[in-house]
Structures are given as structure tokens and as C-alpha cells.
Amino acid sequence: MPRGFDPAPSNPAVPQLVHLHAQLGAKLLANRKERAKLAADMKHVEAVIRLFDPAYDTRRIAVKRRNRPNPLLRKGTAWLNAVGVLRVAEKPLTVREVAERVLTAKGIALGPKAVKDMVNALHASFTNHKGKSIVRVGNDQPARWRLI
């Protein structure tokens, strides 16, 4: 019996269906009223994806978020705030301590997600500026940093 579609993973329909699934996920976040209908639509799209490619893992599809990024985590902003904290610090600080002080200075509640996001942003910045404007003190874990 001939098939109406090509079940090979290279089928061009799969990327389009993945895109549609991600868009539905974004609508799901934005529109709580239509949650049940959109969730059902996503299940249908997942079923069609599995028709074209049975081995495709639909859990990996990321929802396209349309919210605005945190202005504290813009490129360079977190680093400048961290430098200000390190200038007034009386001893070398860990990245987490710097993140908590930056958030406190900006008046942001120290929720676990806010601290985690700031720590991740600062960790990358500290690694990029290592030896240029900051230096790691000792070999302890977690690492402690101070300005040069």
C-alpha cells in the first residue's frame, strides 16, 4: 500500500511542523484562556510529526517566547553592576555573592530564578574578564574574585 508521505527524517514537513508547534507554545504562554484548546492543538501537531518521523523527540521543541529580556542581563550591564559591587567589597567575593548584592542594590527580590539568572550572566562575564580586570583569589571552590 503506497504512503501519502515520505516517512524519512529528511522530510521537509518536519521543520515546518516543529515551527508550528513552537508558535502554539508561545500562544499558550500568552493566552491562558485558550490553554486547553492550544494544548490539544499541540498534541495534534506532535502526532503529525510522529507520522512523518516516528523517532523525533517532541520534548526538545522549545516554545518561542515573545516576552522582553531582563534589562539587568543585557550585554555588559551585569558586568558593570558587578564591577561596582567588587569596588566596594571588603574581601574577595564569589559570583553568587556578587549576584545577590547586585540584585539587592537594584531592589529586586532575591528569588531563586533571579539569582540563578544573574549568577549565570556574571559567571560568563567573570570568565571573559579573568586576568584583564579581575583575578581569581586562591583555588577554593566556589571561586572568589577581586578587582585587579
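A 4.5 Å side-chain heavy-atom check between L17 and F52 finds at least one atom pair inside the cut-off. In this structure, the side chains of L93 and R101 come closer than 4.5 Å at one or more pairs of heavy atoms. No side-chain heavy atom of L122 sits less than 4.5 Å from a side-chain heavy atom of W145.
The distance from atom CD of E97 to atom CZ of R144, rounded to the nearest 0.5 Å, is 4.5 Å. Taking CG from L24 and CD from E46, the interatomic distance works out to 10.0 Å, rounded to the nearest 0.5 Å. Taking NZ from K27 and NZ from K37, the interatomic distance works out to 8.0 Å, rounded to the nearest 0.5 Å.
A114 approaches A109 most closely through the heavy-atom pair CB-O, 3.9 Å. Of all the heavy atoms in V18 and Y56, the pair that sits closest is CG2-OH, 3.3 Å. Here the closest non-hydrogen pair linking T58 and I49 is CG2-CG2, 4.3 Å. Residues H21 and V45 approach most closely at CB-CG1, 4.0 Å, considering heavy atoms. A pairwise comparison of heavy atoms in V119 and R96 identifies CG2-CA, 3.8 Å as the closest pair. Summarising the geometry of R87 relative to L147, their closest heavy-atom pair is CG-CD1, 3.5 Å, with the distance given to 0.1 Å.
Within a 6.0 Å sphere centred on CG of N139, other residues, nucleotides and ligands contribute 12 heavy atoms or fewer.
Tracing side-chain contacts under 4.5 Å through hydrophobic residues (I, L, V, M, F, W, Y), one reaches V14 starting from V48; they form part of the same cluster. When hydrophobic clusters are built by joining Ile, Leu, Val, Met, Phe, Trp and Tyr residues whose side-chain heavy atoms come closer than 4.5 Å, directly or via intermediates, V98 is not grouped with V135. By the rule that hydrophobic residues join a cluster once side-chain heavy atoms approach within less than 4.5 Å of another member, I134 and V137 end up as members of separate clusters.
R136 meets the salt bridge (Lys or Arg N to Asp or Glu O under 4.0 Å) test with no other residue; sequence neighbours excluded. Applying the ring pair (Phe, Tyr, Trp, His ring centres under 6.0 Å) test to H129 and every residue at least two apart in sequence or in another chain returns W79.
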